[in-house]
Amino acid sequence: MEQQEKTVKKTPRGLVIFNIVAILAVFAGITVFINTAARPTVSVEEKRKLASCPRFTIESYFSGEFTEKFSEYYNDAVPMRSNWKAIIAEIRSNFGIEIEGGAHFVGPLPEIER
């Protein structure tokens, strides 16, 4: 029996490098946008003032208060926060709603007449 040789098609090196650079550029762009874009101070949907950036002190850093408040600020004041929340809500609505007892509804729920 003759052994069949497997041929492996190699991706050109230039294409591999281009793909890596393109992915890194996208991640770098997202990072720059998140860290430099204007952060909201008020949430109209939640009707509340969002967390503000805490003031750094050595004492607050070592007590953990600064990092806790900075984490709250960073999560609360994401650029385009309302848009991201709407996108996430839309995605979650497509997963369906689980009800206690094992029932699972997918898609819009029917309106109930009163």
Side-chain angles (χ1 to χ4, degrees):
M1 281 188 163
E2 292 180 30
Q3 288 184 345
Q4 292 180 341
E5 290 185 30
K6 291 186 179 179
T7 57
V8 177
K9 190 173 184 180
K10 291 187 178 181
T11 305
R13 184 175 171 93
L15 183 60
V16 171
I17 292 172
F18 175 78
N19 286 337
I20 292 171
V21 169
I23 290 170
L24 290 176
V26 167
F27 281 121
I30 291 170
T31 301
V32 167
F33 173 75
I34 287 176
N35 289 309
T36 61
R39 294 185 176 272
T41 56
V42 176
S43 173
V44 177
E45 295 86 8
E46 298 175 30
K47 298 179 183 173
R48 69 178 180 94
K49 183 178 175 187
L50 300 174
S52 59
C53 189
R55 191 167 154 255
F56 178 82
T57 63
I58 297 295
E59 294 82 23
S60 68
Y61 179 75
F62 284 110
S63 71
E65 181 183 346
F66 174 78
T67 52
E68 181 181 330
K69 287 184 177 180
F70 189 81
S71 177
E72 180 183 331
Y73 158 72
Y74 201 80
N75 289 331
D76 215 16
V78 173
M80 297 175 50
R81 183 174 189 269
S82 297
N83 296 4
W84 290 116
K85 287 184 75 153
I87 291 168
I88 290 168
E90 181 65 29
I91 290 170
R92 285 186 178 165
S93 72
N94 292 325
F95 289 144
I97 302 171
E98 287 193 36
I99 306 295
E100 248 182 70
H104 184 80
F105 295 97
V106 177
L109 297 175
E111 293 184 25
I112 298 173
E113 293 182 24
R114 293 183 186 234

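Remember, it's a predicted structure, so these values are computed and weren't measured experimentally.
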Item to check | Note, L50 side chain near E72 side chain (heavy atom, < 4.5 Å) | outcome: no

Checklist entry - Just wondering, more than 12 heavy atoms not from Y74 lying within 6.0 Å of its OH? => result yes

Checklist entry - Roughly how far apart are L24 CG and N19 CG, rounded to 0.5 Å? => result 11.0 Å

Checklist entry - Donor-acceptor pair, S71 side chain versus T67 backbone, under 3.5 Å? => result no

Next on the checklist: For V32, run the side chain to side chain contact (heavy atoms under 4.5 Å, CB included) check against N35, T36, I30 and tell me which one passes.
Outcome noted: T36

Checklist entry - When rounded to the nearest 0.5 angstrom, what distance separates CD in E68 from OG in S63? => result 9.0 Å

Checklist outcome for this item: Scanning both residues in full, the closest heavy-atom pair of R48 with D76 reads NH2-OD1, 2.7 Å

Checklist entry - According to a 4.5 Å side-chain heavy-atom criterion applied to Ile, Leu, Val, Met, Phe, Trp and Tyr, with indirect links allowed, do I91 and W84 form part of one hydrophobic cluster? => result yes

Item to check | I87 vs M80 side-chain heavy atoms within contact, under 4.5 Å | outcome: no

Checklist entry - Are side-chain heavy atoms of I58 and F66 found at a separation under 4.5 Å? => result no

Checklist entry - Which atoms form the tightest heavy-atom contact between F70 and C53, and what is the distance? => result CE1-SG, 4.0 Å

Checklist entry - Same cluster for F56 and Y73 if Ile/Leu/Val/Met/Phe/Trp/Tyr side chains link at under 4.5 Å? => result yes

Checklist entry - Do other residues, nucleotides or ligands put more than 12 heavy atoms under 6.0 Å from F27 CZ? => result no

Item to check | Spacing of OG belonging to S60 relative to NZ belonging to K69, to within rounding of 0.5 Å | outcome: 8.5 Å

Checklist entry - Considering residues, nucleotides and ligands other than R55, do more than 12 of their heavy atoms fall under 6.0 Å from its CZ? => result no

